[in-house]
Amino acid sequence: MTGSLFELAEIMPVVNASTAPASQTVPIGFIVLAVILTPVVTLLLISMFGNPRTFRVPALFLGGFVLLVGALVLGFAALSLVLKFFVPQ
Amino acid sequence: MDTVITKRERRQRLTDDLLRPLFHTTPVFFLVAGALLIPVLWFLYVWYIQLTQGLGVTGLRTPSGAAWGIYIANFVFYVGIAHGGIAVAAAIRLLKLKGYEPIGRIGEVLTVVSLSMAGLSISLDMGRPDRLFNIIAFWPQRIGSSSLSWDVTVIMLYFSLSALYLWLTMRHDLAECAAQFPRRAWLYRPLLLGYRPDEKAKIDRMAWWLSIAIVFLIVMLSGGVVPWIFGLLPSRPGWFGALAGPYFLTAAISSAMAGVLVVSAMVRGVFHWEAHIKPQIFRGLGIFLGIMTMFYLYLILAEQLTMRYAAPISEFLVSEMLLTGEFAPLFWSMLIGGFFLPALFLILQAFHPRWFGVTRTTIAAMVILLAFWIKRFLIVVPSLLRPLLPFPEGTYQVTWVEWSVTAGVLALAILMFIAFVKLFPMVEVSEE
């Protein structure tokens, strides 16, 4: 029975993979990112302000964040560059 | 009077005990590190073969066959483990679970290591990994519609926040280490930039709010952008569905709990920290893991029921592959032996405390962990073998290259973890 179902499936109309994204009237990615990032940024800001009122630790945290993201981006670039020597171009 | 131990002496003993792995290295450590280095070096050699000869040396095939295989299964697996690790640490801080504090940092380190391995697994799966930077270079153009771009963005954010969380909560202990081991000051001093002993109150407050941000990110990453890579693809039966988010999130939390449990048991056994990492921790984690695994079984049932009734025929056929077809032995072994029986055993421990044992709980967690890896494999591969497009059904045979890479990545993860154990305090000294 399964065999005949497999055969049947071969001639089933193919789902148009492009239908869903094409019907998007708004760039949904920005909504997704906004939904994810807005609470995170808000919580980060709350974590930095408030008692005890010192900005040394939040400044270190922000500095570390920038450094780390920068290091990740540079890491991506460096890895791509190194791999170019191995992957046939 | 000699037997009376002052509070100061007691604290000194605790500190000495918890910092012992940093200054006391046995030959066994070098033996283990050397043994792990072998598969890592072999992995680098095999990766070189894969880079120079292409993905043809793997079992990955397209259009007929599986374009994603165990590399992507590994990616989902490591991302999952990465979540629970820090989720445990965040939950301990948010819910003030004092008894679980000794394993908080183990979870945090597990997160950073696992997330690094997840990133590596993606690079390994790429046909042209030298174009990796294109993800960043074309980010503004792709972020509007590409779920892969969302994934990279959120993973980078999650990695940064997790690493910084680990760093912040470790600063007080690093100061202790710098004072005790002046020879290693070169390592600790840069991490203690701007350190003042009175900063703990601020760090505690920041860590508390950061914990909420991290828990939210866990939901959005493991229950959001990672499953959406699969769930938003209508061209693959078995992937397209609204259940993907909760399904992946439950798997991530469960497998991570299992990971934290297993690693904590190993750390406890190796360093004889029975007095610090108490059995109650394993009992609590074990029961929670059992409940979460049972819930995951319910989600599998819900998924399979849906696939076998009103869903398109291709969905039914993927379900057939799992339930009665070529993947049935793997599927049923995983379901009964990997999930149901260990989870039942862990839950029953709540009713029969005498059945509890750290070793037994750890073995059950290891079995569940292995079953979750198999589940990730069964999510990725069968759906790819059953294309909707008019191509013949494919096969997927994992080659020695993929097994070598998988073993090497696992060895690298363990090596990174034990390197951390030798360089930094694994249990929060200040909390003990």
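None of these values were measured; they are calculated from a predicted model. Worth knowing before you read on, the calculation uses all heavy atoms, side chains too, and leaves out hydrogens, waters and symmetry mates. Sequence lines set the chain letters: A, B, ... in the order given, protein chains first and strands last, and positions in each chain run from 1.
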Next item on the list: Quick one: do B/W209 and A/L45 satisfy side-chain contact (heavy atoms from CB on, under 4.5 Å)? Show the steps, please.
Entry: CA-CA 9 Å; B/W209 285 102; A/L45 289 174; over 6 Å; no

Residue [X] versus chain A: region with a heavy atom under 4.5 Å:
X      : result
B/W208 : neither
B/T52  : both
B/V219 : neither

Margin query: Between B/L193 and A/L60, is the side-chain contact (heavy atoms from CB on, under 4.5 Å) condition met? List the steps.
Written below: CA-CA 8 Å; B/L193 182 76; A/L60 282 168; 4.0 Å; yes

Notebook entry, point to check: Between B/L132 and A/L83, does a side-chain contact (heavy atoms from CB on, under 4.5 Å) hold up when you go through it step by step?
Noted result: CA-CA 9 Å; B/L132 196 64; A/L83 291 177; 5.5 Å; no

Next item on the list: Report yes if the side chains of B/Q50 and A/V87 come closer than 4.5 Å at any heavy-atom pair, otherwise no.
Entry: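 Not touching, per the 4.5 Å side-chain cut-off.
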
Between [X] (side chain only) and [Y] (backbone N and O only), is there a donor and an acceptor less than 3.5 Å apart?
X      : Y      : value
B/K202 : A/P58  : no
A/S80  : B/F133 : yes
B/R196 : A/R56  : no

Next item on the list: Would you sort out whether A/V40 and B/L217 count as a side-chain contact (heavy atoms from CB on, under 4.5 Å), showing the intermediate values?
Entry: CA-CA 7 Å; A/V40 172; B/L217 266 182; 3.8 Å; yes

Checklist line | Over all atoms of both residues, closest heavy-atom pair of A/V69 and B/M156 | finding: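 So the two residues come closest at O-CE, 4.3 Å.
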
